[in-house]
Amino acid sequence: MTPEPPRATGTVVDRDGRPVAGARVVSAPGNLGKAAAPGDAGMEGSPLRYCSTDPAGKFAVELSPESPRHTLLAEAAGFACVVLTEVLPG
């Protein structure tokens with residue numbers, strides 16, 4: 001059986017603390033040695049991974065097992081993009 005890849009979990013909320021359903025969360029390995037666009041996430045050969053938040057704003061995005069730290073980007077229509085760096089699995 002193949003082990004599950006590491007994941008980062010959390011909740012995307014707006015400035016008032018309300019959940020944002022359908023936000024796109026993209027993960028990039030911290031050791032990424034080249035430029036990559038969030039739109040590349042999920043494409044063959046891309047190190048970027050993505051998921052969408054559920055109705056409660058919750059997400060669980062896959063992380064690269066080759067990197068200890070990651071950058072997460074959350075984006076949704078009508079909201080500013082948010083970037084978190086130095087993210088660890090969990």
Engineer: Please identify each residue that fulfils side-chain contact (heavy atoms from CB on, under 4.5 Å) with Thr9, with sequence neighbours left out.
Structural biologist: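 With neighbours one apart ignored, the set is Ala60.
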
Engineer: Counting only N and O atoms by type, is there a donor-acceptor contact under 3.5 Å from the side chain of Ser27 to the main-chain atoms of Leu63?
Structural biologist: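 Side chain of Ser27 to backbone of Leu63, a donor-acceptor pair under 3.5 Å: no, none is there.
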
Engineer: CG/Leu48 to OG1/Thr71 distance, rounded to the nearest 0.5 angstrom?
Structural biologist: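 Those atoms lie 10.0 Å apart.
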
Engineer: For Ala74, which residues count as a side-chain contact (heavy atoms from CB on, under 4.5 Å) partner, sequence neighbours excluded?
Structural biologist: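 If we apply the side-chain contact (heavy atoms from CB on, under 4.5 Å) test to Ala74, skipping adjacent residues, the hits are Val12, Val25.
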
Engineer: With rounding to the nearest 0.5 Å, note down the distance linking CG in Leu84 to NE2 in His70.
Structural biologist: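 That separation rounds to 13.5 Å.
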
Engineer: Under 4.5 Å side-chain heavy-atom separation, chaining through any Ile, Leu, Val, Met, Phe, Trp or Tyr, what else clusters with Leu88? Say none if it is isolated.
Structural biologist: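 When side chains under 4.5 Å apart are linked, Leu88 ends up in no cluster with other residues.
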
Engineer: Tell me, please, which residues at least two apart from Glu66 pass salt bridge (charged side-chain N to carboxylate O under 4.0 Å, His left out).
Structural biologist: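 Glu66: no salt bridge (charged side-chain N to carboxylate O under 4.0 Å, His left out) contacts found.
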
Engineer: Please answer: with hydrophobic residues joined when any side-chain heavy atoms are less than 4.5 Å apart, are Phe59 and Val87 in the same cluster?
Structural biologist: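 Result: yes, single cluster for both.
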
Engineer: Can you name the residues that form a side-chain contact (heavy atoms from CB on, under 4.5 Å) with Arg15, not counting sequence neighbours?
Structural biologist: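 side-chain contact (heavy atoms from CB on, under 4.5 Å) check on Arg15 returns nothing, list empty.
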
Engineer: Please list, chain by chain and in numerical order, all residues satisfying side chain to side chain donor-acceptor pair (under 3.5 Å) with Arg7, sequence neighbours excluded.
Structural biologist: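 Arg7: no side chain to side chain donor-acceptor pair (under 3.5 Å) contacts found.
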
Engineer: Mind checking the CD-SG spacing from Glu62 to Cys51? Nearest 0.5 Å is all I need.
Structural biologist: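 One gets 10.0 Å once the value is rounded to the nearest 0.5 Å.
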
Engineer: With side chain to side chain contact (heavy atoms under 4.5 Å, CB included) as the test, pick out the partner of Val83 among Val26, Leu72, Leu73.
Structural biologist: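 The passing option is Leu73.
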
Engineer: According to side-chain contact (heavy atoms from CB on, under 4.5 Å), who are the partners of Asp54, at least two apart in sequence or on a separate chain?
Structural biologist: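 Result, side-chain contact (heavy atoms from CB on, under 4.5 Å) vs Asp54: Ala56, Lys58.
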
